[in-house]
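Chain letters run A, B, ... following the sequence lines, proteins first and then strands; every chain starts at 1. Worth knowing before you read on, the calculation uses all heavy atoms, side chains too, and leaves out hydrogens, waters and symmetry mates.
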2 protein chains.
Amino acid sequence: MSLPFRVTNCSIERTLGIVGEKWTFLVLREAFNGVRRFADMQAHTGAPRQVLSARLTRLVDEGLLRKEPYREPGQRQRDEYRLTEKGRDLYPLLVSLMHWGDRYLADDGPPVQLTHRDCGAPVELRFRCADGHEVAGPREVTALPGAGAQLESA
Amino acid sequence: MSLPFRVTNCSIERTLGIVGEKWTFLVLREAFNGVRRFADMQAHTGAPRQVLSARLTRLVDEGLLRKEPYREPGQRQRDEYRLTEKGRDLYPLLVSLMHWGDRYLADDGPPVQLTHRDCGAPVELRFRCADGHEVAGPREVTALPGAGAQLESA
DNA sequence: CGCCTGAGTCTGTCAATCGAACTCAGGTAT
DNA sequence: ATACCTGAGTTCGATTGACAGACTCAGGCG
């Protein structure tokens with residue numbers, strides 16, 4: 001899969017500018033797991049508190065998480081962090097990380113099995129073209145300049 | 001999508017231990033683009049040379065890339081870096097990064113359009129269950145302990 | 001021998017991470 | 001009024017990684 005052209009506005013690179021590092025991924029993982037509070041995020045990700053605070057702030061600023069006020073009885077109001085649709089749309093990314101790890105790093109099979117809620121069958125991520133064909137992988141894919149291509153001079 | 005159990009051997013986290021940072025992703029992007037040589041990798045990723053060298057070495061050590069000798073006429077033998085199958089299996093990850101960026105960060109539409117080589121239609125990444133149902137996203141997914149689950153005590 | 005070339009490696013500076021400790025800010029009890 | 005509580009940060013100094021620029025390496029060739 002050689003790329004005979006180059007763009008200056010690569011989407012991969014722009015996405016990485018927001019999420020391209022470990023702690024952010026782990027925060028997103030927890031958000032998908034339903035974890036919303038600072039202390040729980042911290043306990044489950046293991047992120048140093050300063051790092052976690054910075055990542056949460058960044059994800060809110062970028063619109064992937066939103067703050068929602070909550071208040072435990074006897075305590076003051078605080079904020080939880082919830083996924084937005086923009087954040088939720090990173091689900092394929094998290095799942096592809098998981099599935100690759102299941103395949104190459106999990107010694108005894110997948111630790112977590114994602115299943116279809118309605119029927120219970122395992123869930124997979126598959127390539128498909130708009131005409132309905134199964135696409136097996138990068139060798140069956142051709143990259144073309146898209147509508148937003150800003151071509152890089154050779 | 002709440003997770004009512006926890007594992008200590010999370011595949012996402014283990015994958016992130018190898019690829020969870022920007023430069024590694026960019027190296028992989030270039031590998032998928034057919035770039036194989038150090039100087040080309042460096043030019044296209046913009047990685048500092050020391051960083052690039054370290055990432056290439058790591059990816060070779062982890063089996064995602066392999067070295068293959070080459071020799072330009074009049075020069076000495078050197079090594080190129082090529083994807084292994086293990087590395088190629090990270091294609092869904094790269095594509096999900098791209099598609100998310102296309103949707104949320106690309107102002108004028110996707111810079112790069114991935115198409116099916118055989119028919120030309122745009123390629124998408126879709127969730128499907130083993131029984132053939134389309135799965136729309138995280139809300140239709142249930143996570144269960146898998147065969148390799150090492151459960152974390154609450 | 002010297003030159004060439006691409007692939008690293010080295011060095012000192014800067015930035016981010018890290019662990020531990022500290023602060024903040026509402027609610028509540030005294 | 002003050003003191004305590006609690007979760008969510010913030011601060012601080014040490015450590016680690018990134019970074020730019022310069023340097024080295026190692027075969028081939030004249």
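Whole-Å rounding puts the L52(B) CG to dG8(C) P distance at 8 Å. Rounded to whole Å, the distance from CZ on R71(B) to C1' on dA7(C) is 16 Å. Residue E68(B) contributes atom CD, which lies 17 Å from atom C1' of dA7(C) at whole-angstrom precision. Taking atom CE on M41(B) and atom P on dA7(C), their separation rounds to 11 Å, with Å as the unit. The interatomic distance linking Q42(A) (CD) with dC18(C) (P) rounds to 12 Å, in whole Å.
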Using a cut-off of under 3.5 Å, enumerate the N/O to N/O pairs linking the protein to nucleotides 13-15 of chain D.
none

Encode nucleotides 1-9 of chain D as B, S and - characters from 5' to 3', where the letter depends on protein heavy atoms closer than 4.0 Å: B to the base, S only to sugar-phosphate, - to neither. -----BBSB
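No continuous path of hydrophobic side-chain contacts links L125(A) to L144(B) [ILVMFWY only; heavy atoms under 4.5 Å].
Scored by the side-chain contact (heavy atoms from CB on, under 4.5 Å) test, R37(A) finds D40(A), Y70(A), E72(A), E80(A) as partners (sequence neighbours excluded). Residues satisfying the side chain to side chain donor-acceptor pair (under 3.5 Å) test with Q42(A), not counting sequence neighbours, are none. Judged as a side-chain contact (heavy atoms from CB on, under 4.5 Å), and not counting sequence neighbours, the contacts of E85(B) are R103(A), Y104(A), R88(B), D89(B). Here Y81(A) pairs with nothing under the ring-ring contact (aromatic ring centres under 6.0 Å, His included) rule; sequence neighbours left out. Taking R128(A) as the reference, E134(A), R126(B), R128(B), E134(B) meet the side-chain contact (heavy atoms from CB on, under 4.5 Å) condition, with sequence neighbours excluded. Under the side chain to side chain donor-acceptor pair (under 3.5 Å) criterion, R71(B) pairs with no residue at all, not counting sequence neighbours. A search for side-chain contact (heavy atoms from CB on, under 4.5 Å) contacts involving E30(A) returns N33(A), V35(A), M41(A), H44(A), T45(A), R6(B), not counting sequence neighbours.
Residue pairs meeting the salt bridge (Lys or Arg N to Asp or Glu O under 4.0 Å) criterion with at least one member in residues 42-56 of chain B, sequence neighbours excluded: E21(B)-R55(B). Applying the ring pair (Phe, Tyr, Trp, His ring centres under 6.0 Å) definition to pairs two or more places apart or across chains, those involving residues 111-144 of chain B are Y91(A)-F127(B), H116(A)-H133(B), H133(A)-H116(B).
W23(B) is listed as a side-chain neighbour of P48(B), based on a closest heavy-atom distance under 4.5 Å.
Within residues 11-25 of chain B, no residue approaches DNA chain C, by heavy-atom distance under 4.0 Å.
Dashed line: the shortest gap from a side-chain N or O of R55(A) to OP1 or OP2 of dT17(C) is under 4.0 Å.
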